[in-house]
2 protein chains.
Amino acid sequence: MEDNNSCNNDWEKRIMAIHDTMDVLSGKWKISILASLCYHGKRRFSDLLNDVKGISNKMLSKELKDLEINRLVKRTVLDTHPITVQYELTEYGKTLRTIIKHLLDWGFEHRKKIIGK
Amino acid sequence: MEDNNSCNNDWEKRIMAIHDTMDVLSGKWKISILASLCYHGKRRFSDLLNDVKGISNKMLSKELKDLEINRLVKRTVLDTHPITVQYELTEYGKTLRTIIKHLLDWGFEHRKKIIGK
DNA sequence: CGGCATCCTTCTGGATACTG
DNA sequence: CAGTATCCAGAAGGATGCCG
């Protein structure tokens, strides 16, 4: 047991890191929203409502708020008439692009494997 | 609208891919379980119960079953006394290692940013 | 040891209607 | 347009006990 301490500590840190990440990204829609902002750049509320198929305005609103709190997404109210609101990734949010890309790529391969089988 | 068709189709495929991935990986514990198997290799049920802090045996059982159905995890019953069961990543499951590593790395940086601030 | 069954509580999230 | 408010069903998930 003694000789495993460094190893166990290592795992402790890892599981904590995973947990931290999932705290921010968990939720049925967050990744999809981020993927849309990643792909489209600036995006309005109603655009996102279309991008992320199946999401309700309530959930979109809530998830965007979560993402904003975690500084992954920036919200800008435009002085148009009627009002429009623009969402985009923050610089910090953009650090998730690699992850999103990998999730995307894996999804492509997974679909090939499942459907193409 | 016409000139955007290829672009829209592209997005359709992307959002579908993301959705496919999240279908398999969503759930409060799946990533943590996979991370443990990724880090430790072969792992028994009770080991995982310790690795993934906070998980109940019921949820661990359920999540492992999901992962097994999706061919990400292999379950082996060992003929010991009393019985022990060993879980490990399948070859397919190992294709998720890159994603897990990135989630882990991001978690480290995120914690630095949040705590170290 | 590795689960499954049961009960019960909390959270998620959909539908609808309403507001500035 | 971009939300909020309310209501409600179902899923997630914890605690406990039982079983081979």
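Lettering of chains follows the sequences in order, A, B, ..., and the numbering in each one begins at 1. None of the values given here were measured: they were computed from a predicted structure.
- B:Lys58 comes within contact range of at least one nucleobase, with a heavy-atom separation under 4.0 Å.
- The listed nucleotides are D:dG3, D:dT4, D:dG14; the one nearest the side chain of B:Trp29 is D:dG14.
- In this structure, B:Phe45 places its CZ atom 6 Å from C1' of C:dG2, rounding to the nearest Å.
- Residue order along DNA chain D, read from the 5' end via each residue's closest nucleotide, puts A:Tyr87 first among A:Tyr87 and B:Ile83.
- The separation between B:Leu48 atom CG and C:dG2 atom C1' is 12 Å, rounded to whole Å.
- Regarding contacts with the backbone of D:dC1, every side-chain N or O of A:Thr84 stays at 4.0 angstrom or more from both OP1 and OP2.
- Of the residues B:Thr98, B:Thr21, B:Thr95, the one that meets the side-chain hydrogen bond (donor to acceptor under 3.5 Å, both in side chains) test with A:Trp106 is B:Thr95.
- Checked against C:dG3, C:dG13, C:dT16, the side chain of B:Val85 finds its nearest nucleotide in C:dG3.
- With rounding to whole Å, B:Lys53 atom NZ is found 18 Å from D:dG14 atom C1'.
- Nucleic acid contact class of A:Lys62 (heavy atoms, under 4.0 Å, all strands): none.
- Note on A:Leu34 and A:Ile55: same hydrophobic cluster, where clusters join Ile, Leu, Val, Met, Phe, Trp and Tyr whose side-chain heavy atoms are under 4.5 Å apart, directly or indirectly.
- No more than 12 heavy atoms of other residues, nucleotides or ligands shown are found within 6.0 angstrom of NZ on B:Lys101.
- In this structure, the CG atom of B:Leu64 is 14 Å from the C1' atom of C:dC4, given to the nearest Å.
- Under 4.0 angstrom from either OP1 or OP2 of D:dG14 there lies at least one side-chain N or O belonging to B:Ser56.
- Here the C1' atom of nucleotide D:dA2 and the CG atom of A:Asp51 are 16 Å apart, to the nearest Å.
- Summarising the geometry, the separation between CZ on B:Arg43 and C1' on C:dC1 is reported as 15 Å, rounded to the nearest angstrom.
- For the pair A:Met59 CE and D:dG3 P, the computed distance is 15 Å after rounding to whole Å.
- By the 4.5 Å heavy-atom criterion applied to side chains, B:Ile31 and B:Leu103 are counted as neighbours.
- The phosphate of C:dG2 (OP1 or OP2) has a side-chain N or O of B:Ser46 nearer than 4.0 angstrom.
- Between its two ends, the helix from C:dC1-D:dG20 to C:dG20-D:dC1 turns its axis by 50°, counting five pairs per end and rounding to 10 degrees.
- Side-chain contact, B:Arg75 with B:Tyr87: a donor N or O sits under 3.5 Å from an acceptor N or O.
- The closest side-chain heavy-atom distance from B:Ser32 to A:His19 is not below 4.5 Å.
- Residue B:Ser61 is the one, among A:Glu63 and B:Ser61, whose nearest nucleotide of DNA chain C lies closer to the 5' end (criterion: closest heavy atom).
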Legend entry - Worked check of side chain to side chain contact (heavy atoms under 4.5 Å, CB included) between B:Glu109 and B:Asp105: CA-CA 6 Å; B:Glu109 293 308 313; B:Asp105 290 345; 5.8 Å; no

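- When the side-chain nitrogen and oxygen atoms of A:Lys28 are compared with OP1 and OP2 of D:dA12, none of them lie within a distance under 4.0 Å.
- The interatomic distance linking B:Ile33 (CD1) with C:dG2 (P) rounds to 14 Å, in whole Å.
- Taking the six-membered ring where the residue is Trp, B:Tyr39 and A:Trp11 present parallel rings, their angle staying beneath 30° rather than reaching 60°.
- For the OP1/OP2 pair of C:dG3 and a distance below 4.0 Å, the side-chain nitrogens and oxygens of B:Arg75 include at least one atom meeting the criterion.
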